[in-house]
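Notes follow once the structure below has been shown.
We count residues from 1, following the sequence as given.
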Amino acid sequence: MGGRPRMTSSTNLVTTISGDALAVGENTAVSGTISVTTTDVGPVTRSTAEATFTATAQSPEGGDAYAVADTTATADGADLLITHSTNITGTGDSSGLTTMIASSTSLFALDIEAVDLPVGTISVEGATWHDDPCLTGIIEGNVATLDASAQAAGDNTLAEVDMSVMTTDVISSVSASAITIA
């Protein structure tokens, strides 16, 4: 039978990272960066991943501006999983309403082939939230940028990225997810 090798989360390290950003206003800017690298070197499989997404919306005085961004990461089949997320929000009104949000998540996962922990995955999670004034300069128009990469090294591995980018006269949006299996 051809096609992809049979891979399941019970025998493989499956790492997923994703993010999205949406901005609505007269002038908008969104950006996203996502990357994941998973390496299988025999008895140990290691995965690192990071995603950063930002959204900024501006409207003249009396107008509406809305921005949202989110990131998330998981690793099924890991013996050790460390994740940290940071979210920053801000508003300003120097020449109308400006709203900004940034979300960032990083992940480190380790799977040791001969280890079955009685407590399951050892997971360490951290999160930071900041409220900061908007330091964004004047945005003209609507722009969306996205950079994504996924790498998997070793026997019977898979790396895949799905993404979308959209702009209209009042909306900018980016979304991406990446998965590796090793």
Please tabulate, for side-chain N and O atoms in residues 106-118, each donor-acceptor pair with protein atoms closer than 3.5 Å (sequence neighbours left out).
none

Exercise for the section: Answer with yes or no whether the side chains of N142 and T28 bring together a donor and an acceptor at under 3.5 Å. Expected result: yes

Fill in the blank from the handout: Only residue of T86, D20, N87, T72 satisfying side chain to side chain donor-acceptor pair (under 3.5 Å) with S103 is N87

Completion exercise
For A67 and A55, the nearest pair of non-hydrogen atoms, with its separation, is CB-O, 3.6 Å

Exercise for the section: Look at the side-chain heavy atoms of Ile, Leu, Val, Met, Phe, Trp and Tyr, link any pair under 4.5 Å apart, and say whether I17 and I179 land in one connected group. Expected result: no

Exercise for the section: Say whether, by atom type as modelled, one donor and one acceptor occur between the side chain of S59 and the main chain of E26 under 3.5 angstrom. Expected result: yes

Exercise for the section: To the nearest 0.5 Å, tell me how far T89 OG1 sits from W129 CH2. Expected result: 7.5 Å

Exercise for the section: State whether the side chain of N12 and the backbone N or O of A182 hold a donor-acceptor pair below 3.5 Å, judged by distance alone. Expected result: yes

Handout entry: Heavy-atom closest pair, residues A178 and V36
Key = CB-CG1, 3.7 Å

Completion exercise
All heavy atoms of A144 vs all of S172, minimum pair found to be CB-CB, 4.5 Å

Problem - Check: T37/T48 side-chain N/O donor and acceptor closer than 3.5 Å - result: no

Problem - Same apolar cluster (I L V M F W Y, side chains within < 4.5 Å links), I82/V44 - result: yes

Practice task
Determine the sole option in T38, T157, T16 for which the side chain to side chain donor-acceptor pair (under 3.5 Å) test with T180 is passed.
Solution key: T38

Problem - Which atom of F53 lies closest to which atom of T33, heavy atoms considered - result: CE1-O, 3.8 Å

Handout entry: Residue from T54, T52, T56 passing side chain to side chain donor-acceptor pair (under 3.5 Å) with S31
Key = T54

Practice task
Over all heavy atoms of both residues, which pair between T99 and A65 is shortest? Give the atoms and the distance, please.
Solution key: OG1-O, 3.4 Å

Exercise for the section: Go through the steps for S177 and S18 under the test side chain to side chain donor-acceptor pair (under 3.5 Å), then give the verdict. Expected result: CA-CA 4 Å; S177 64; S18 62; over 6 Å; no

Problem - Rounded distance (nearest 0.5 Å) linking atom CD of E140 with atom CD of Q58 - result: 9.5 Å

Exercise for the section: Kindly say whether S35 contributes a backbone atom to a donor-acceptor pair with the side chain of S149 at under 3.5 angstrom? Expected result: no

Problem - Residue pair S85, T105: steps toward the side chain to side chain donor-acceptor pair (under 3.5 Å) verdict - result: CA-CA 4 Å; S85 296; T105 298; 3.0 Å; yes

Handout entry: Which atom of S164 lies closest to which atom of L146, heavy atoms considered
Key = O-CD2, 3.9 Å

Problem - Check: D79 side chain, T121 main-chain N or O, donor-acceptor pair, under 3.5 Å - result: no

Practice task
List, by chain and number, the other hydrophobic cluster members for V24, where Ile, Leu, Val, Met, Phe, Trp and Tyr join if side-chain heavy atoms come within less than 4.5 Å, directly or indirectly.
Solution key: L22, Y66, V68, M166, V170, I171

Problem - Rounded distance (nearest 0.5 Å) linking atom CG of D40 with atom OG of S47 - result: 11.0 Å

Practice task
Determine, using the 4.5 Å side-chain heavy-atom cutoff (strictly less than), whether I88 and I101 are members of one ILVMFWY cluster.
Solution key: no

Practice task
State plainly whether one hydrophobic cluster holds both V41 and I181, where clusters connect Ile, Leu, Val, Met, Phe, Trp and Tyr through side-chain heavy atoms under 4.5 angstrom apart.
Solution key: no

